[in-house]
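Just so we're on the same page: letters track the sequence lines, and every chain starts at 1. What you see below is based on every heavy atom in this structure, not just the backbone, and it leaves out hydrogens, waters and symmetry mates.
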Amino acid sequence: MDHVNPGQSVLLLWGGAVSGDMIQMTVGNLQTKVGQKGHVRVEHVDRLLLSNHGSSTFDVVLSGTINPPTTVHSGDVLAEVARLLKPCGRAVLCEPTVSTDNGGALRTAAKVGSSLKLAGLVSVSDAKEVSLSQQEQDLLKQALSVDGIRVVEISASKPSYEVGSSAQLTLSFAKKKQVEKPKLDENAAKIWSLSAVDMNDDDIDLVDPDELLDEEDLKKPDPASLKAECGTGGDTKKRKACKNCTCGLAEELDGDQTEKTSSKPATSACGNCYLGDAFRCASCPYLGMPAFKSGEKITLTDRQLKGDL
Amino acid sequence: MESRQLTVLYGSQTGTAQDVAERVAREAKRRHFSTKVLSMDQYPIASLIHEPMVIFVCSTTGQGDEPDNMKVFWKFLLRKNLPTNSLCQLNFAVLGLGDSSYQKFNFVAKKLQKRLQQLGGTPLHTLGLADDQHDLGPDAVVDPWLNTLWNKVLSLHPLPSDKAIISEHILPPPRYKVQFVDGDEHSMNGLHVPTDSNVSGPSQDNPFYARLVSNNRITADDHWQDVRLIKLDVSGSGLSHAAGDVAMIQPPNLPDEVQTFIQLLKLNPEDRILLQQNDPDVPLPPTLPQPCSIQHLVEQYWDIHAVPRRWFFTLLSYFADNELEKEKFQEFSTAEGQEELYSYCNRPKRTTLEVLEDFPHVINTIPVDYLFDLIPPIQPRAFSIASSLQAHPNEVHVLMAVVQYKTKLFTPRRGLCSTWLSSLNPQKDDVRVPMWIRRGTISFPRTPATPVIMVGPGTGLAPFRGFIEERTTCGIGGNVLFFGSRNEDKDYFCASEWQPLVEKGLLSVYTAFSRDQEEKIYVQHRIKENGAEIWDLIHNQEAWIFVAGNAKQMPTDVQSALQSVLMEHGDMGETEADRYIHSLEHRRRYQVEAWS
């Protein structure tokens, strides 16, 4: 409870043998702690991965803090917790541990600590033993069928820089030549096929696409980077003279003055007009007309002769 | 045996992203990858979790929105219930096409990249952000991005020792093998018999041939724009639709262009050909009869009216034997030549047929089998359905403006579908229109108590006419329509239909006729004028707001007007009003359907 401050966004994860009343009470206490400006979300730890909350949305994630905790936090769950935390956010986990690794479901406190580090969290605290009542102890023993359980509380923080997406772990595979891909999750496949049947359902809950973007994404490219190296484009775009220009446009473009800018020839001056727009110069009276056979009589209407001046 | 499989998925609004996607696919094939290319919406999304490698190419359009042919795919990817390890098998890369003069530069590609990573996909390469604003256009980014991509792909999937990258100067094989057949062999002409007919109803592969009931002009005869109210009879089709749905219409080519094309290429329209697959990843066109006559291909299949793309010119460069033409085609294939290509082709909207008319030598050297590579199939056109089955059972109405405009080309530009439809005379012939229905992206509220505000200037009225009919036929009121056009007596569509509804108190109509007075009055002005009522509807009566239409600025202007209404009558600051609208959007209470 002392990890939570007013105005914060808190995620409470629970699992296993915890009673509904206890959850209610804990949530109530948390809500009082965070006050009007904060809020509390509750999730069953096994459903966490399916819920797909937005990245970096919680200041604090509490898991297993309601006694007695039975959850062993998997790598996936811890990675998800890391993703959900805001930079500098804190995760507080309580997990049942054993004193020596015996290959069973439970692990040592040290292992819990290192798995937090593997998930990308930092400032991992020392494991603090959580004292349980006799009743809680019994419940735990009953649920897990193991002797000598010690519940520890460990906390860790998300680094202050945003490490990027949740794909951080998988990027390290890209360096290997032959990528060994993890096996496709049966469950995931099922969800995809079932969802695909219902493509047009309007009432499905969607992630807010605007939340996918961060500060970096909102930036526009540097205008200097948009320039071509050799100066193509710009002035030379609009007007182009034919290869063997005889109508004077080539000279005009090269800076020479010409006196005959006002009169437009009604017959082909450069000899290229019949080739079609792809070959015509910018002053061609036939612009906009299809190609024709050299020497073929094409009458231009008054409109065309006037041009677009 | 390692799988060399790659899929290219695109989201393309004007065809540019599709073009780039097809280029990626060709480069993949030259590196001996078995490659499929499709739009994201064509792709069966449940299969994505099994894909080893996918390259996504997507443009950002309109107000930072995703193109139409990836809307369904994208909506699926956003589902909260998809597990974060779903795409653990997938290596992917995203190439975005955008324009940095827009605030939401390449937002679609950026969001896609993030979401794919959230779902456990592994990026092969950094996000590519191509920019129209670069001097050399999108290629300035696409070319080096692809180079690096292939290096990375090949380091993960090296070429087999006996294979090398096929040069890009070699003409690739045609997508289909074409065989001319003799006279009476395989006489199976006419309509294609679909393999699983009527299993899932009419579709693009199996359209319904609806009888044209009427296509009456609803603008004044002396008005510059010709707008039709088209009525189709869909009885016996099994088709049904709800307000907001879209009619897809598959037009044939225009008769004069068909004639010109056949003569230009010196084809014999009676010749029949048999198509065979030449690439296992490129299926045969599902709607073509086999064998198929040249007449049918030119009339119904090859889109000779479309503006050709870069690859068209590159292909022609392989066939050209005239020096001048060959050089020009090669020029149009380079990054530096794109600007001139744009100026020659795209800006004036020069059709494939017109381009072929401009290059009289190469048309004699084009092999018939490459016609399928040069010319894509005619695309269907989408129209918001403008009627309700409640008011007009067995009918589908479409509000359609005949597209006609001038560019620097002498011959005016014509819209293929609208020119065809408007030319049909149902009184004279039994005319059939191939069509099917697609779910719309607009969702109307299902509760009768919810009032609805509809802003639909011009043909934007279409989906709202359908919705108003649906509601008022059942006596449901609370319908508020803002309609705008140029002149009350020239293009106030369906005016007479509103009258009785207004009298019964089921509909309120606010009109804005921009040219009926000295100053321009648009729908956004009417919105501000009636701010108090709008505020009450939105805030106290939970009204939903819809904006639809064909205009570049209109949706932005309407949103600004709404924002000022919220600020004035809801006593909000600018940011607060903005957030309010955003939250309405999030709850689907504010929807914009703007088409270009």
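- Along residues 40-50 of chain A, the residues that come nearer than 4.5 angstrom to chain B, judged on non-hydrogen atoms, are Leu49(A), Leu50(A) in order of number.
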Taking it one step at a time, do Gln118(B) and Leu212(A) satisfy side-chain contact (heavy atoms from CB on, under 4.5 Å)? CA-CA 9 Å; Gln118(B) 268 186 357; Leu212(A) 293 168; 3.5 Å; yes

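- Contacts of Phe261(B) classified as ring pair (Phe, Tyr, Trp, His ring centres under 6.0 Å), with partners at least two apart in sequence or in another chain: none.
- Pro209(A) has its side chain out of reach of Phe107(B): every pair of non-hydrogen atoms, C-beta onward, lies at least 4.5 Å apart.
- A 4.5 Å side-chain heavy-atom check between Phe279(A) and Phe359(B) finds at least one atom pair inside the cut-off.
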Output, in order, the C-alpha distance, side-chain angles, deciding distance and verdict of salt bridge (Lys or Arg N to Asp or Glu O under 4.0 Å) for Lys114(B) and Asp217(A). CA-CA 10 Å; Lys114(B) 287 275 162 70; Asp217(A) 293 317; 2.6 Å; yes

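- Interface remark: Leu275(A) contributes backbone and side-chain atoms alike to the contact with chain B (heavy atom separation under 4.5 Å).
- When heavy atoms are compared at a cutoff of 4.5 Å, Leu124(B) does not approach chain A at all.
- With a 4.5 Å cut-off on non-hydrogen atoms, Leu87(B) touches chain A through its side chain but not through its backbone.
- Taking CD from Glu211(A) and NZ from Lys111(B), the interatomic distance works out to 11.0 Å, rounded to the nearest 0.5 Å.
- Not counting sequence neighbours, the partners of Phe58(A) by the ring pair (Phe, Tyr, Trp, His ring centres under 6.0 Å) test are His53(A).
- Both the backbone and the side chain of Gln89(B) come within contact range of chain A, judged by heavy atoms closer than 4.5 Å.
- Looking at Ser51(A), the atoms closer than 4.5 Å to chain B (heavy atoms on both sides) all sit in the backbone: N, CA, C or O.
- Of the residues considered (Val207(A), Asp76(A), Leu194(A)), Val207(A) shows the highest number of contacts with chain B, using heavy-atom pairs under 4.5 Å.
- Residues passing the ring pair (Phe, Tyr, Trp, His ring centres under 6.0 Å) test with Phe105(B), sequence neighbours excluded: none.
- Two residues are said to be in side-chain contact when any heavy atoms from C-beta on lie closer than 4.5 Å; Arg350(B) and Asp277(A) meet this criterion.
- Asp131(B) places a side-chain heavy atom less than 4.5 Å from the side chain of Leu226(A).
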